[in-house]
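Note sheet for the following structure.
Chain identifiers are assigned alphabetically (A, B, ...) following the order of the sequence lines, protein sequences preceding nucleic acid strands; residue numbering begins at 1 within each chain.
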There are 4 protein chains.
Amino acid sequence: MRKEPRQARSRATVETVIQAGARILGNEGWAGFTTNKVADLAGVSIGSLYQYFPDKLSLVDAIRRRHLEDCLAVMRKSKADGLSPVQFVANLVHAMVDAHSIYPGLHRVLLDEAPSSDDYRNPNSEFEIEYLNYYAEAVGAYRNRLPNGADHTAALIISDAIDGVIHNAARRGMLTDSTMQSELVRLVSLYLADAGDEATA
Amino acid sequence: MRKEPRQARSRATVETVIQAGARILGNEGWAGFTTNKVADLAGVSIGSLYQYFPDKLSLVDAIRRRHLEDCLAVMRKSKADGLSPVQFVANLVHAMVDAHSIYPGLHRVLLDEAPSSDDYRNPNSEFEIEYLNYYAEAVGAYRNRLPNGADHTAALIISDAIDGVIHNAARRGMLTDSTMQSELVRLVSLYLADAGDEATA
Amino acid sequence: MRKEPRQARSRATVETVIQAGARILGNEGWAGFTTNKVADLAGVSIGSLYQYFPDKLSLVDAIRRRHLEDCLAVMRKSKADGLSPVQFVANLVHAMVDAHSIYPGLHRVLLDEAPSSDDYRNPNSEFEIEYLNYYAEAVGAYRNRLPNGADHTAALIISDAIDGVIHNAARRGMLTDSTMQSELVRLVSLYLADAGDEATA
Amino acid sequence: MRKEPRQARSRATVETVIQAGARILGNEGWAGFTTNKVADLAGVSIGSLYQYFPDKLSLVDAIRRRHLEDCLAVMRKSKADGLSPVQFVANLVHAMVDAHSIYPGLHRVLLDEAPSSDDYRNPNSEFEIEYLNYYAEAVGAYRNRLPNGADHTAALIISDAIDGVIHNAARRGMLTDSTMQSELVRLVSLYLADAGDEATA
DNA sequence: GATGAATGAGTATTCATTCAT
DNA sequence: CATGAATGAATACTCATTCAT
């Protein structure tokens, strides 16, 4: 960011711009995301937007940072000791559904469509590490041991399967379909329950 | 298409343009897909491109039609009588991996990013029907009965989970990772094997 | 207009663009009227032009609105009580000549050549109504009664004859030829003076 | 023209192209007149069109030559000895209405809109000379003397007034309105009848 | 700091014209 | 001669970004 906002007013401007940006990005995709539209919706001048974000990429990076942080927060809350595998997966799925509910499509746009100066997709990025760690720990936990290499693959599989099902459900307008959700829970639970035996093969 | 190519020369032009378009769409996404870039890469003039495609959308539609047809072809080949669930799923996964291998990312761009005048995403589109039918039949087959409503949900789950895992693997450059592939097969097989008991719940 | 110009600077830009547009339209016709040429002549960037006019049509509409308003203004001024028919017609002809003098050819281009989103040519358009009313009232006045249906035809004849003579004079570079002007006055005056007797036939 | 057509087939091609061109020019104006559209409508290849017309201008020139020749022919037929002024003017007006009836608008497009390599608009062009001569002779005839300078102006006035009334009638779809036609005849007859006294003033 | 007017490189698309078949 | 595929300069319009007020 070009300038760290010091005053309350500035912080509010930045906040409004990020919210407006998220909305446009979610509703219209990367191709419909223009800085002037964002400034308009945020109710600030285009000059003010550029006061805080030196260019378009830095704005989308801020939106993404914010969104991924929200995702992690919601995931952290879903984790609790003493949950059965099924309960854990159910929590997780509901958390992810929630994260997609505000602007269905925003998640996908941020992860797949919008370019970035950060390499948040890099396997070593802060976000990717915490994100996959979360899954790997869960896999390890349900095998009663520390996560290992095979668990890492399992974590990817689970994370990406959930991602795929939810993203396509969003596309079809089925995000809140409870059958879909319970079947997704079953898909992941079965895999997780069985994983201890063969994942190392 | 604006004009049906009659001579061999023009059929070759159309073909080259579609190939070039697929490559650029796959590598640079919808935002990087410009008609001039496509014409350049195809080695034809921009005028020639517009002789056969009345606008950008019609070109992307042609690319999509071609790609989805290729996907279906590869999927049809993976189906054979007398396969065990695991064998069937393995075939399917390998088929989808193949379909993504030429231009990883093209599939996602075509399905999620690029706009369309056709509504190929519509649940009633020719492609979507055959695509999901393929999965629903398989689900039914492995429960030794005709497909029903619950099977439709199961088909979506399987299709979308495979889609998500492969798409994210492509993003991470892990498309050919054999551990990933076998774990994906396991994820789906377990669900398919268990499906008969509870899917109707 | 896309954006209402607020600052004096932007109002000046809009004004300059309209002037430049009128000049090019008058000199080069609709086919030679390109937005880039207009912006160039106006000395502004093409982007500035599009900041105020959403497309080419809206620009030509603005030019036309301006020109027709000027025409009506000049015509209103030519009307005065107690004029003899010849004086009235002379005033009228001079007014129309004036309206054509700034950019000879502009009038014709605006009325015949350039497309429009408004339907200013529609017999019920604000302009056409006031324009023909002006003539019909005059015809009625010189017959010492209210205008009626036949007067409407007479108004068209007068209006269109003046239009034709002046337009072709402009084409031939004879707009300021005084013989032409006086003969035109005679043509119309004779018709007007005689009209009371037979126009209803 | 690039090549003088010798064979009957060639002459037929040229003819078809001119007809198609006149139709498009009349219906769609200069801006809608494209060589490919003309070739299509004529049912010949674009290559063949360019075999006979080296460029677009030469085609429009051919169309114009043809049209003006038709106009003159129709006018010549309207002239006969021993006609009263009113009869003569009536003949003339009907002739001009006829000339506009095939493709209303073509006349105006050819004279005002479409560019030309010939300078048919030049007061010394073959067409303009014959055209105005026709009117000047008539003016002279009805004053029982040879045409002189003043008659030349009167000829312009008459020609251009008729042109203006008919062209605007065409624009309003009133070309065949008989009241309009008879009023036009009256406008011109009155002027012609009175001309002998004051035109020299 | 905030504003919004101005900029201009970039993108989709058309159409007169050429030339290999 | 006829065909129609190919060409590319020209044109309408967009949008990230700057800077005078």
Practice task
Please report, rounded to the nearest Å, how far the P atom of F:dG4 is from the NZ atom of D:Lys37.
Solution key: 20 Å
Completion exercise
In whole angstroms, the gap separating C1' of F:dT11 from CG of C:Leu57 amounts to 14 Å
Practice task
Scan B:Thr35 against the nucleic acid and name what it touches under 4.0 Å (heavy atoms): base, sugar-phosphate only, or nothing.
Solution key: base
Practice task
Ignoring backbone atoms, test whether B:Thr13 places a side-chain nitrogen or oxygen under 4.0 Å from the OP1 or OP2 oxygen of F:dA5.
Solution key: no
Exercise for the section: Calculate the interatomic distance between C:Leu49 atom CG and F:dT14 atom C1'; express it in whole Å. Expected result: 13 Å
Problem - Sidechain-backbone polar pair: B:Glu113 side chain, B:Trp30 backbone, donor-acceptor under 3.5 Å - result: yes
Completion exercise
The nucleotide from E:dG4, F:dA6, F:dC13 with an atom nearest the side chain of A:Ile46 is E:dG4
Handout entry: Earlier contact from the 5' end, DNA chain F, for C:Pro54 and C:Ala31
Key = C:Ala31
Practice task
Taking atom types as modelled, find out whether C:His107 and C:His167 have a side-chain donor-acceptor pair closer than 3.5 angstrom.
Solution key: no
Completion exercise
Whichever of B:Gly47 and B:Lys56 has the more 5' nearest nucleotide on DNA chain E, that residue is B:Lys56
Practice task
Measure from the side chain of C:Asn36, starting at C-beta and using heavy atoms only, and say which of F:dC13, F:dT7, E:dA6 lies closest.
Solution key: F:dC13
Practice task
Mind calculating the distance between CZ (C:Phe33) and C1' (F:dA12) to the nearest angstrom?
Solution key: 12 Å
Problem - Separation of E:dA12 C1' from C:Asp55 CG (nearest whole Å) - result: 16 Å
Problem - D:Ser58 side chain near D:Tyr52 side chain, heavy-atom distance below 4.5 Å - result: no
Practice task
Pick base, sugar-phosphate or nothing for B:Phe53, based on heavy-atom distances below 4.0 Å to the nucleic acid.
Solution key: nothing
Handout entry: Minimum side-chain heavy-atom gap B:Glu69-B:Arg64 below 4.5 Å
Key = no
Problem - Complementary nucleotide of E:dT13, counting Watson-Crick and G-U pairs under 3.5 Å - result: F:dA10
Handout entry: Selected nucleotide, minimal atom distance to C:Ser45 side chain, candidates E:dT7, F:dC13, E:dT18
Key = E:dT7
Practice task
Among E:dG1, E:dT17, F:dA2, find the nucleotide with the atom closest to the side chain of A:Gln51.
Solution key: E:dG1
Practice task
Tell me which nucleotide among F:dA2, E:dA2, F:dT17 gets nearest to the side chain of D:Tyr52.
Solution key: F:dA2
Exercise for the section: Take the protein atom OH of B:Tyr50 and the nucleotide atom P of E:dC15, then report the distance between them rounded to whole Å. Expected result: 13 Å
Practice task
Starting from P on E:dT3, measure out to CZ on C:Arg9 and report it in whole angstrom.
Solution key: 15 Å
Practice task
Please check if the side chain of D:Lys56 supplies one atom and the backbone of D:Phe33 the other of a donor-acceptor pair under 3.5 Å.
Solution key: yes
Exercise for the section: Check every strand shown and say whether C:Thr34 touches a base, only sugar-phosphate, or nothing at a heavy-atom separation below 4.0 Å. Expected result: sugar-phosphate
Practice task
Taking atom types as modelled, find out whether D:Thr13 and D:Thr16 have a side-chain donor-acceptor pair closer than 3.5 angstrom.
Solution key: no
Fill in the blank from the handout: In whole angstroms, the gap separating P of F:dG8 from CG of B:Asp40 amounts to 11 Å
Problem - Base paired to E:dT21 (Watson-Crick or G-U; both N/O distances under 3.5 angstrom) - result: F:dA2
